[in-house]
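Below, all heavy atoms of this structure are taken into account, side chains as well, without hydrogens, waters or symmetry copies. Just so it is clear, the structure is predicted and the values come from calculations on it, not from any experiment.
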Amino acid sequence: MLLSCLFFFLRYQNMTQSADAMSLQMVSAVSNSSLLQPGCSLLNFDGHVFFFGQKGWPKRSCPTGVFFLDIKQNEIKMKPVFFSKDSCYLPPLRYPAICTFRGNEESNKHQYVIHGGKTPNNDLSDKIYIMSLVSKTSKKTTFQCVEKDLGGDVPEARYGHTINVVHSRGKSMSVIFGGRSYIPLAQRTTEKWNSVVDCLPSVFLVDFEFGCCTSYILPELQDGLSFHVSVARNDTIYILGGHSLQNNTRSPSLYKLKVDLPLGSPALTCSVLPGGISVSSAIVTQTSDTEFVLVGGYQSDNQKRLVCNTIVLEDNKIEIVERASPDWTPDIKHCRMWFGCDMGKGSVLLGIPGANKQLISDANYFYILRCKGAEEDEGEELTAQICSQASTEDQGDSTPFEDSEEFCFSAEASSFDVDDIDTYNEDDEEDESETGYWITCCASCNIDINTWVPFYSTELNKPAMILCSNGAGHWVHAQCMDLSESMLLHLSEANVKYFCNEHVDLNKGLQTPKKVMHLKKQPMKPLRKKKTMNLTTPVKKSFLRRLFE
């Protein structure tokens with residue numbers, strides 16, 4: 001007993017001392033800062049951090065909506081990346097569930113699984129995407145995005161949930177839990193059209209190899225918690241905190257979900273453990289193979305949680321200990337809300353609203369919180385997945401310090417010493433409301449940069465357009481011209497002129513030969529019969545003289 005107490009004391013002392021290495025550093029967003037809003041996510045490939053889920057629909061300068069997040073000399077620069085030709089369209093989803101996933105145990109490269117989330121139109125997604133890095137050079141980064149087709153008990157569209165990958169008996173599967181969704185269509189009214197409810201407390205097991213999904217009901221899980229934290233290691237997932245809309249409470253429970261994957265049907269068991277934390281929208285970053293740090297979140301509707309905790313996972317056990325908090329700045333202490341993300345290897349990106357006196361109304365201040373010293377080993381492999389989610393209620397409809405303005409990320413590592421590449425600058429964007437793909441091509445044009453979604457199968461991230469040959473020529477949207485996809489393909493392949501709906505009649509008039517007013521012909525007078533001279537007839541001498549002279 002004495003040895004165990006001594007061991008716990010030494011461990012706690014080590015945790016407390018490691019907290020001394022926590023440092024808070026302010027950074028400035030110098031390019032495209034308005035896209036860094038609550039609800040976005042971070043992806044980490046080979047030590048490079050990428051930003052996903054921008055505010056609004058993508059623009060021409062970055063049609064994929066994915067940016068390389070470059071932080072140098074306390075400045076954040078966002079540089080656009082590209083998708084491969086065989087990639088599907090990926091909308092800028094906010095508040096999705098994201099985790100890393102390896103195709104097989106032998107592969108060192110990992111992929112990201114993205115499920116659910118909100119589109120800029122506030123539509124909820126029920127799709128699953130797999131993101132992988134194809135190539136990266138000093139000037140160009142290319143990703144592949146593939147949509148996964150699922151069968152069976154497919155989870156409904158949702159946001160604010162988590163997804164983790166578990167490994168058991170040489171197999172791997174994904175586990176989806178929690179989140180919020182819109183109320184059923186039959187119950188939606190004009191006043192409550194966008195009202196959300198907690199999803200049922202079902203646990204979904206997703207097999208990517210066979211594309212099937214199975215749901216499970218566990219008696220220990222009574223509420224469909226949203227914006228909770230989930231940490232997975234091997235075959236076990238720990239679910240911590242979360243917010244319940246029905247009760248307006250933050251669960252103090254700590255759930256241990258164990259997944260067994262034998263040759264037959266999977267087996268899921270759940271147990272409730274002591275030592276939970278009543279928190280929502282917290283951020284978790286991994287500092288070692290078995291140690292994590294819990295930062296941020298809310299402990300009530302009107303109070304941020306400024307306390308930090310250390311989480312240790314060892315031998316299917318979890319230990320949560322409070323640790324010294326960093327020296328929060330006055331701006332962070334007194335702000336109404338905050339949001340943040342895990343940048344990996346013990347680094348966290350935090351954001352708070354900017355002052356009203358700023359020129360940009362939606363600008364935010366950003367900080368990087370480092371939870372361990374730079375001298376510690378940065379080459380260790382991180383084997384656990386971390387998922388933390390945040391709420392998306394509009395600020396005007398939420399109570400003070402609601403989980404509404406947060407976004408949380410999951411990443412594995414952070415490294416910003418990369419080759420400089422061209423920087424995306426929002427100020428360099430042309431006014432796309434008047435030029436380019438976002439023109440108003442006709443009086444009934446309904447293509448909006450903020451609401452456009454692909455209509456043709458050939459569209460990836462821009463509306464299909466076709467040139468009208470009237471006059472000097474002008475571009476129109478194929479969808480606004482009511483062109484079928486087969487006709488659009490025919491016109492793009494054939495070398496023929498096209499005239500839009502407004503100019504097709506005028507063109508027909510130009511092609512028809514002009515009518516010529518024929519002159520009224522006067523009837524020709526009949527020719528007079530020539531008279532012949534009769535030599536026998538006497539002729540005057542004067543006439544004969546004129547004739548022969």
Where is the tightest heavy-atom contact between [X] and [Y], given as atom of each residue plus distance?
X	Y	value
Met343	Ile71	CE-CD1, 3.8 Å
Trp338	Gly297	NE1-O, 3.4 Å
Gln54	Lys59	NE2-N, 4.4 Å
Cys371	Val295	SG-CG2, 4.4 Å
His115	Ile128	CD2-CG1, 3.1 Å
Pro326	Cys308	CD-SG, 3.7 Å

[X] vs [Y] side-chain heavy atoms within contact, under 4.5 Å:
X	Y	answer
Phe339	Leu36	no
Leu268	Val175	no
Ser244	Ser251	no
Ser271	Glu220	no
Asp235	Lys258	yes
His48	Thr141	no
Asn446	His477	no
Ile130	Val113	yes

Going from [atom1] on [X] to [atom2] on [Y], what distance comes out if it is rounded to the nearest 0.5 angstrom?
X	Y	atom1	atom2	answer
Ile311	Thr290	CD1	OG1	12.0 Å
Phe68	Cys62	CZ	SG	13.0 Å
Phe227	Leu245	CZ	CG	7.0 Å
Met131	Ile114	CE	CD1	5.0 Å
Leu42	Leu349	CG	CG	6.5 Å
Phe83	Thr142	CZ	OG1	10.0 Å

If the threshold is 4.0 Å, N to carboxylate O, is there a salt bridge linking [X] and [Y]?
X	Y	value
Arg233	Asp289	yes
Asp260	Arg169	yes
Asp46	Lys136	no

Would you verify whether the NZ or CZ of Lys148 falls within 45 degrees of the ring axis of Phe208 while also being under 6.0 Å from that six-membered ring's centre?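 No cation-pi geometry.
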Would you check, one step at a time, whether the test side chain to side chain contact (heavy atoms under 4.5 Å, CB included) holds for His167 with Val165? CA-CA 7 Å; His167 308 277; Val165 176; 3.8 Å; yes
Heavy-atom donor-acceptor pair, [X] side chain to [Y] backbone, under 3.5 Å:
X	Y	result
Lys171	Pro262	yes
Lys256	Asn316	yes
Asp198	Asp223	no
Thr64	Val81	yes
Ser226	Gly179	yes
Arg94	Pro38	yes

Side chain to side chain contact (heavy atoms under 4.5 Å, CB included) for Tyr367 and Ile352? Distances and angles first, verdict last. CA-CA 9 Å; Tyr367 296 84; Ile352 62 174; 4.0 Å; yes
Passing candidate, side chain to side chain contact (heavy atoms under 4.5 Å, CB included) with Leu294, options Ile283, Thr285, Ile277: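 Among the candidates, only Ile277 passes.
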Worked check of side chain to side chain contact (heavy atoms under 4.5 Å, CB included) between Phe177 and Ser230: CA-CA 9 Å; Phe177 174 73; Ser230 64; over 6 Å; no
Ser84-Asp86 side chain donor-acceptor pair, cut-off 3.5 Å: yes
Take Tyr159 and Val196, measure what side chain to side chain contact (heavy atoms under 4.5 Å, CB included) needs, and give me the verdict at the end. CA-CA 10 Å; Tyr159 68 97; Val196 294; 3.5 Å; yes
Using the test ring-ring contact (aromatic ring centres under 6.0 Å, His included), find all partners of Phe143 that sit at least two apart in sequence or belong to another chain.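 Checked Phe143 against ring-ring contact (aromatic ring centres under 6.0 Å, His included); matches are Phe45, Phe50.
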Once side chain to side chain contact (heavy atoms under 4.5 Å, CB included) is applied, do any residues pair with Cys213, and if so which ones, sequence neighbours excluded? Pro155, Phe204, Val206
